[in-house]
2 protein chains.
Amino acid sequence: MEIFDEELPAEISQACATSPLRSAICFIGDMWILLIVMHLLHGPMRFNALRESMGHISSKTLSQRLKMLEEKGFVQREAFLEIPPRVEYRLTSTGQELGDVIKAIDQFAEKNFSAK
Amino acid sequence: MEIFDEELPAEISQACATSPLRSAICFIGDMWILLIVMHLLHGPMRFNALRESMGHISSKTLSQRLKMLEEKGFVQREAFLEIPPRVEYRLTSTGQELGDVIKAIDQFAEKNFSAK
DNA sequence: CAGGATCCGATCGGATACTG
DNA sequence: CAGTATCCGATCGGATCCTG
């Protein structure tokens, strides 16, 4: 049930649970997490919109990562009681702080990943 | 032979090769890469020292990531002709720029991953 | 539309053994 | 010491099908 469990197998926790920075690296060091956050920075998005804008992510992977982000309190899920159903995902205020990380990556990217 | 090939299977390139930012996210969105860079920020390190300080990374995984970092020009390998052999890995000047990313993650970590 | 359930191949990554 | 090679189980993640 726990997706990002604090009780990881002993070896991994040695790499991850040692310090806040390492914990963050283990969490953030995931392509999908970063891509999701990057897209949500522009504003709330619906599940399928997110899915399509990310270029072939499976619904399984997407919903799993969204749950991880929710558990950590970085993303908030909001479901509207409509038919057909509408669900929006938005960054929480603490989630917004991840924008700085994306920004740092972006600056690095412009210098070192453009037209290379 | 190519570890981080530019010719990825079509689906993945759609998520990664679209923009510099996405490329960077795909590269940086890797726990091991981030952990290695984090450790090398303090200065050059030898293979086994790196290995041990990272808490149970296999030599296979470590050497593979180091190669990826070398291919991108973020890490430089320097072998000394001694016995027993000594090899040091250091961040290149462009690799040092990844320090800003780590710094951003660290600031985020202190706020959101301490004693949680 | 938003996602859960299942199946399954592909990849990852550790353990181990070996080499210069 | 600094890796490479191999084996193999575990995990990942896509495809597909199904539901409220």
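In what follows, chains are A, B, ... by sequence order, proteins preceding strands, each numbered from 1. On a predicted model such as this, the values are computed, not experimentally measured, just so you know. No hydrogens, no waters, no symmetry mates; every other heavy atom, side chains included, goes into these values.
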Inset, instruction - Apply ring pair (Phe, Tyr, Trp, His ring centres under 6.0 Å) to F108(A) and F27(B), showing your working. - result: CA-CA 12 Å; F108(A) 182 81; F27(B) 185 77; 8.3 Å; no
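Of the candidate nucleotides dC1(C), dG4(C), dC1(D), dC1(D) has the atom lying nearest to any side-chain atom of R46(B). When distances are taken from the side chain of R77(B) to each of dC1(C), dA2(D), dC1(D), the shortest belongs to dA2(D).
Whole-Å rounding puts the E52(A) CD to dC1(C) C1' distance at 11 Å. If you take CD1 of I57(A) and C1' of dG14(D), they are 11 Å apart, rounded to a whole angstrom. When the P atom of dG3(D) is taken as reference, atom CE of M68(B) falls 17 Å away, rounded to whole Å. Rounding to whole angstrom units, CZ of residue R86(B) and C1' of dA2(D) are separated by 13 Å. The nearest whole Å value for the distance from the CG atom in N48(B) to the P atom in dT4(D) is 13 Å. Spacing between atom CD1 of I83(A) and atom P of dA2(C) amounts to 14 Å, rounded to whole angstrom units. With rounding to whole Å, E70(B) atom CD is found 13 Å from dA2(D) atom C1'. Distance, Q64(B) CD to dA5(D) P: 13 Å, rounded to whole Å.
In terms of heavy atoms, M31(A) sits closest to C16(B) at SD-SG, 4.1 Å.
Using a 4.5 Å heavy-atom cutoff, the side chains of R77(B) and Y89(B) are in contact. Between S63(A) and F47(A) there is a side-chain heavy-atom pair separated by less than 4.5 Å.
Of the side-chain N and O atoms in S63(B), one or more sit less than 4.0 angstrom from OP1 or OP2 of dT4(D). Considering only side-chain N and O atoms, K60(A) lies nowhere under 4.0 angstrom from the phosphate OP1 or OP2 of dC7(C). The phosphate of dC12(C) has neither OP1 nor OP2 within less than 4.0 Å of any side-chain N or O from W32(B). Between Y89(A) and dC1(C) there is no side-chain N or O to OP1 or OP2 distance below 4.0 Å.
No contact: R51(B) has no heavy atom under 4.0 Å from any strand. Within 4.0 Å (heavy atoms only), T61(B) reaches sugar-phosphate atoms of the nucleic acid but no base atom. Residue contacts for F80(B): at a heavy-atom cut-off of 4.0 Å it reaches no nucleic acid atom on any strand shown.
Using a 4.0 Å cut-off between charged nitrogen and carboxylate oxygen, E70(B) and K72(B) do not count as a salt-bridge pair.
Comparing P85(A) and L62(A) by the nucleotide of DNA chain D whose heavy atom lies nearest to each, the residue mapping closer to the 5' end is L62(A).
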